[in-house]
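Take a look at the structure below.
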Amino acid sequence: MPELPEVETVVRGLRGPLLERTFLEVEVRWARSVVTGADALRRGLPGRRVAAIDRRGKYLVFRFDDPRTLLIHLKMSGNLLVEPDHAPRDPYMHTVFQLDNGHQLRFRDPRKFGRIYLTADPATVLGQLGPEPLHDEFSADDFRALCRRRKGVLKTLLLNQEFLAGLGNIYAGEACFLAGVDPRRQISTLDDAEVERLYHAIRRTLRHGIVHRGSSLDSVYRGGEFQNHFQVYGRENQTCFTCGTNIERVMLGGRSTCFCPRCQR
DNA sequence: CTAAAATCCTGGTGGC
DNA sequence: TGCCACCAGGATTTTA
């Protein structure tokens with residue numbers, strides 16, 4: 001589930017049930033998911049009251065009245081649910097955070113790729129991330145400057161979180177379509193007009209995703225409906241909604257990438 | 001240095 | 001129906 005719009009949707013959904021709540025004990029059933037140590041999490045989290053929940057790239061950021069910060073990355077299959085203590089649990093809820101109101105924050109993650117950090121220095125985890133594409137201060141000029149000092153294949157670069165934070169395979173592909181740019185292009189070959197189209201396409205695609213509460217794909221994430229608006233993702237051999245040409249699929253940086261060979265040049 | 005491949009995991013799907 | 005290879009929203013590490 002987790003690209004920027006899905007993570008943003010999760011964050012917004014958690015604020016109501018979690019703000020002002022205090023964490024009690026933590027049950028860790030898959031220790032490797034806690035990068036900063038399961039024991040340290042079990043010792044350090046109880047008593048922390050949630051003061052703010054934010055997003056940075058694809059990370060959820062929980063702030064307390066305390067220097068320590070809880071970071072969660074959902075990776076491929078993670079989701080966060082707030083449910084009553086007695087609500088049935090399935091086998092994929094690998095970490096359960098007890099709250100002070102008879103509810104639990106449950107980290108459900110069938111593929112076990114998700115990662116949890118409790119650290120007083122979140123910059124060690126978040127510090128390498130590129131700019132937030134939706135920030136007001138992130139301008140077209142900033143994006144052009146970013147592009148001009150990089151090289152490589154466009155789509156691969158868009159997936160690099162140190163370049164720009166938050167895009168994943170779906171939204172990177174959709175943004176290339178909206179910009180009318182071939183994802184296989186070397187970034188150095190894009191002229192200024194193309195870079196500007198891409199800037200607006202990225203922001204529009206992400207905002208569009210958020211408005212629709214993200215994409216529901218397999219059984220992992222439910223709630224959003226942006227999957228009904230995909231122009232190219234997962235549409236190999238179907239016709240382009242714009243021109244009727246067959247959508248093609250290629251592998252770029254090991255990720256499958258769909259595009260319209262006529263609309264994207 | 002850079003790019004590709006392997007790795008971490010499990011579940012679902014499509015082909016035979 | 002049953003088995004198996006392959007693929008999947010991510011990102012880091014290893015290899016070439």
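- Taking atom P in both dG11(B) and dA11(C), one finds a spacing of 22 Å when rounded to whole Å.
- The phosphate of dT2(B) (OP1 or OP2) has no side-chain N or O of Lys151(A) nearer than 4.0 angstrom.
- Residue contacts shown for Tyr59(A) are absent, as no nucleic acid heavy atom lies under 4.0 Å away.
- Within the 4.0 angstrom heavy-atom criterion, no nucleotide atom of any strand lies near Arg115(A).
- Taking atom NE2 of residue His94(A) and atom P of nucleotide dT10(B), one finds them 8 Å apart after rounding to whole Å.
- Each of dG10(C), dG11(B), dT2(B) was ranked by its minimum atom distance to the side chain of Tyr92(A); first place goes to dG11(B).
- Put simply, CZ on Arg32(A) is 7 Å from C1' on dC8(B), counting in whole angstrom units.
- Where Arg111(A) and Gln161(A) each meet DNA chain C at their nearest nucleotide, the meeting point lying more 5' is that of Arg111(A).
- Remark: the separation of the P atoms in dA6(B) and dC6(C) is 12 Å, to the nearest Å.
- If you measure from atom NZ of Lys112(A) to atom C1' of dA11(C), you get 19 Å, rounded to the nearest angstrom.
- A salt bridge links Arg49(A) to Glu20(A): at least one charged side-chain nitrogen sits closer than 4.0 Å to a carboxylate oxygen.
- Distance, Arg108(A) CZ to dC9(B) C1': 14 Å, rounded to whole Å.
- Remark: C1' of dA3(B) and CZ of Arg184(A) are 18 Å apart, rounded to the nearest angstrom.
- Atom C1' of nucleotide dA3(B) and atom CD1 of Ile187(A) are separated by 17 Å, given to the nearest angstrom.
- Across all strands, Ser256(A) comes closer than 4.0 Å only to sugar-phosphate atoms, never to a base (heavy-atom distances).
- Under 4.0 angstrom from either OP1 or OP2 of dA11(C) there lies at least one side-chain N or O belonging to His73(A).
- Using the six-membered ring where Trp is involved, Phe23(A) and Phe97(A) have ring planes that are tilted, between 30° and 60° apart.
- Nucleotide dC4(C) is matched to dG14(B) when pairs are restricted to Watson-Crick or G-U wobble geometry with both distances under 3.5 angstrom.
- Distance Leu71(A) CG to dA11(C) C1': 16 Å, rounded to the nearest Å.
- Residues Leu134(A) and Ile210(A) meet the side-chain proximity criterion, which asks for heavy atoms closer than 4.5 Å.
- OP1 or OP2 of dA8(C) lies within a sub-4.0 Å distance of a side-chain N or O belonging to Arg249(A).
- In this pair, Trp30(A) and His94(A) present their aromatic rings tilted. The plane angle is within the 30 to 60° band.
- One can place CZ of Phe107(A) at 13 Å from C1' of dC9(B), the figure rounded to the nearest angstrom.
- In this structure, CG in Leu154(A) is found 8.5 Å from OG1 in Thr189(A), a value given to the nearest 0.5 Å.
- Using a 5.5 Å limit on the distance between ring centres and a 30° limit on the angle between planes, the aromatic ring of Phe113(A) counts as stacked on the six-membered base ring of dG10(C).
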